[in-house]
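The figures here come from the full heavy-atom set of this structure, side chains too, leaving out hydrogens, waters and symmetry mates. Quantities reported herein were computed from a predicted structural model and do not represent experimental measurements. Along the sequence shown, residues are numbered consecutively beginning with 1.
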Amino acid sequence: MKTFPVKLTLRLQIMLRRTLMWLQRKPALLILFLLAVVVFTAGSLAANVYLQISLITLQSSASSFTQTSLIEAIVASPDSQKYYTVDREGRVAIYDKDLNLSKAYFTQTKGPLAVGPQGHLYFLDSPSKLRVMNPAGVTYVAFSILPPVSLGVLKNGNIVVAAPVNEKLFHIYSQTGRPLKNFGEIKLFDANNKQQNKLLNTGKILVSSSDEIYYVYKYAPIIQKYSGQGQLIAEYSVEGTAISLQLEALNRFLSKKRTEEIGGITVINSADLDPQTGHLWLCMNGSSRSGVVYEYDSNGIKLREYALIFAASTTTPLIITNVWDIVVRNQFMYILTTQGWVCRFDLGNRPSTGFIPSVRQLIRAGRWGLIANTLLATATRGLTLKLAPQLPCSPTVTIPDCTYNCPPNQGGSKDCKAALQTSIGENLPKVAPTGCNFHPAGSANPFQYGGCSAQVTTCNPTNGDRVTAQFIEYSSDR
C-alpha cells in the first residue's frame, strides 16, 4: 500500500493558529473560511482522490476465549474482573481478568446477558423469565418480565428492559421484579406491519457508570442517550462507509419485500461502553476498505474508525469485515466475528491522532469552542492518501439453504437465503464462509415464534472490495 504524507511546517501551523484565533472575532470572515474548506474538500473528492484521515488499522495475531463451541456473544463486568461468553447453544462460560476459564458452563435461554455493578448476572430462564445470579453462582431472585431484546442494570440494582411493546420501548423493574416505569417512544419505521416495526426497533442497552442509558439500534444508524430517570438527553446519527453499505443492502431488501414479511439487514451489530473513558464503541459488518468499529465520546462526537486485521504467524493476513460483538476493557478491544471466534486488539499501541470531528458534528453537539481547533487540525495534520490493495475474489462459496418452517398460522416458511440474495444481488461472487442459524420457537425475543439468520461476504471483481451482510428473519404471532 502506498502512502503520500503531506505536512505543513511548524511556522505555518503557528500562522494558521493565529489566523484562526483572529477569525473567531470576525464571524463573516470565518464563514468565508468555512466555505473555502468545503470547496477544497469537494474538489478533492471530485478528483477521485480516496482521502482517508479517520481510519486506524489494528492487527491481532491471536484469538481469545478458547473453547470448542462457537461463540455468539461476549460480555464483561463493569470492573473488568470477569468476562463471559455465550455459545450458540446458550451455554455461558466465565473467565477471570486474565481470560482463564474460571467456572464451568451454565445454560440460559438464548437471549441477552447483562452484568450489574455488584457483579450479579442477569439472564433468561425462558423468553419472559429473568433470573439473577450472585457472583458466587447462587440464584438471587427470579421473576417474569416482558420478553427483552436487551437488558441493562442501574447502580441501584433496578433493571432496564428493552422491549418494544405497550407503546413504549423501555421498562424499568425493581430488584424484586416490580414494574416501576415505562419510557422511550417506539419509532415508526413500518406503518403497515406491526411485527416488522418491532424488529426495526431492536437494539442494545448500555448503562454508563453515571447511570446514563444508551440505546444503539440494530437496523437503523441511530444512538439514543437517556438519563437514569428515563429522560431523553440526545439522539445521534451514525455515519460512515460501513454504515452506508449496510443501509444500501437494507433498503434493497425493504424495497422488494412483501408487506407481511418480517426481516432486515443489521446496520449496527453491537456496542459497548468503556468504563474507563466513557467512550461508546460500535461494531458492524463492513468492507475491506472500511472501518468496522467506530469510537464515540460521551457527547456523540465520532473520534476514530478502526479497520482490523488478523495475522497469525501460520496464516495469510485476513481483513476482518464482520464484527458481531465487541467488548472494550483496560486498553484492549475484544471483537467477535460472525464465524464465532474472538480476537484481542491492543489499543495502547494505536496512533494518537484519530478522527477529526466534522464542523457539522460539533455544531450538532453544541461544541462551538472546538470548531476553530478542528479546522486547524484538519489543515495541519499529516493527511494520508491511501490506495486500497486489490484482493482476488477467490475461492468462491455458495449460500447454504436457510429456511425455517413456521407453523401455518404464522406467515409461512422463512427463507433467509432468498432474502439475503435479494439484498446483496445475485451477481457478486461470495468469498467467505457463509452461515445459517435457526432459532426454534421459544427462543428469546424477537425469535419467540422461531426464525432464521444468515450472513455472507461478497467480493467486487473490479476492485477487490469485500462487503459482509447479515440478514435476520423471524415469524410473527399473528
* Asked: Is the centre of the F332 ring less than 6.0 Å from the centre of the F345 ring?
  -> no
* To do: Measure the CG-CG distance between L200 and D190 for me, rounded to the nearest 0.5 Å.
  => 6.5 Å
* Asked: Got a salt bridge between D211 and K155, using NZ or NE/NH1/NH2 to carboxylate O under 4.0 Å?
  -> no
* Asked: How about K168: does its NZ atom have over 12 heavy atoms from other parts shown lying under 6.0 Å from it?
  -> yes
* Asked: Quick one: which of V160, L169, L151, V216 gives a side-chain contact (heavy atoms from CB on, under 4.5 Å) with I205?
  -> V160
* Asked: Are the side chain of H171 and the backbone N or O of A163 linked by a donor-acceptor pair below 3.5 Å?
  -> yes
* Asked: Strictly by modelled atom types, are N182 and N166 linked by a side-chain donor-acceptor pair under 3.5 Å?
  -> no
* Nearest heavy-atom pair of P275 and P78: which atoms, and what distance? -> CG-O, 3.5 Å
* Could you give me the CA-CA distance, side-chain angles and deciding distance for R329 and D272, then say whether salt bridge (Lys or Arg N to Asp or Glu O under 4.0 Å) is met? => CA-CA 10 Å; R329 294 291 187 277; D272 191 35; 2.9 Å; yes
* To do: For the residue pair I265 and Q246, establish whether any side-chain heavy-atom pair is separated by less than 4.5 Å.
  => yes
* **Pairs satisfying ring-ring contact (aromatic ring centres under 6.0 Å, His included), at least one member in residues 266-292, at least two apart** => W281-Y306
* Residue list, ring-ring contact (aromatic ring centres under 6.0 Å, His included) with Y294, at least two apart or on another chain -> none
* Just one of V115, L113, V153 clears the side-chain contact (heavy atoms from CB on, under 4.5 Å) bar with Y122, so which one? -> V153
* Going by heavy atoms in the side chains, are F310 and W341 under 4.5 Å from each other? -> yes
* Carboxylate-amine/guanidinium proximity below 4.0 Å for E212 and K225 -> yes
* Asked: Less than 4.5 Å apart, any side-chain heavy atom of R91 and any of V86?
  -> no
* **Row check, W324 ring normal vs K204 NZ/CZ: under 6.0 Å, within 45°** => no
* To do: Classify the ring geometry between Y334 and F65 as parallel (under 30°), tilted (30 to 60°) or perpendicular (over 60°).
  => tilted
* Structure fact -> Smallest heavy-atom separation, I186 atom then E167 atom, equals CD1-C, 3.7 Å
* Asked: Can you tell if the side chain of I145 reaches within under 4.5 Å of the side chain of K129, non-hydrogen atoms only?
  -> no
* **V267 side chain near L250 side chain, heavy-atom distance below 4.5 Å** => yes
* N158 (side chain) donor-acceptor with L154 (main chain) under 3.5 angstrom -> no
* Asked: If you measure from OG on S209 to CG on D79, what distance do you get to the nearest 0.5 Å?
  -> 12.5 Å
* Asked: If we only count heavy atoms from C-beta on, is the V75 to K82 side-chain gap below 4.5 Å?
  -> no
* Asked: Is the Y217 to Y215 ring centre distance short of 6.0 Å?
  -> yes
* Can you tell if the side chain of F170 reaches within under 4.5 Å of the side chain of K181, non-hydrogen atoms only? -> no
* **Non-hydrogen atoms of D325 and S270 that approach each other most closely** => OD1-OG, 2.7 Å
* **Pair E235 + K187, salt bridge at N-O below 4.0 Å** => yes
* To do: Report yes if the side chains of I213 and S227 come closer than 4.5 Å at any heavy-atom pair, otherwise no.
  => no
* Asked: With no hydrogens and no angle check, do the side chains of T241 and R289 hold a donor and an acceptor under 3.5 Å apart?
  -> no
* Asked: Can you tell me how far the OH atom of Y173 sits from the CZ atom of R178, to the nearest 0.5 Å?
  -> 12.5 Å
* Asked: Salt bridge check: are K302 and D297 linked by an N-O gap of less than 4.0 Å?
  -> no
* Asked: Of the non-hydrogen atoms in I262 and Q196, which two are nearest, and what is the gap between them?
  -> CA-OE1, 3.2 Å
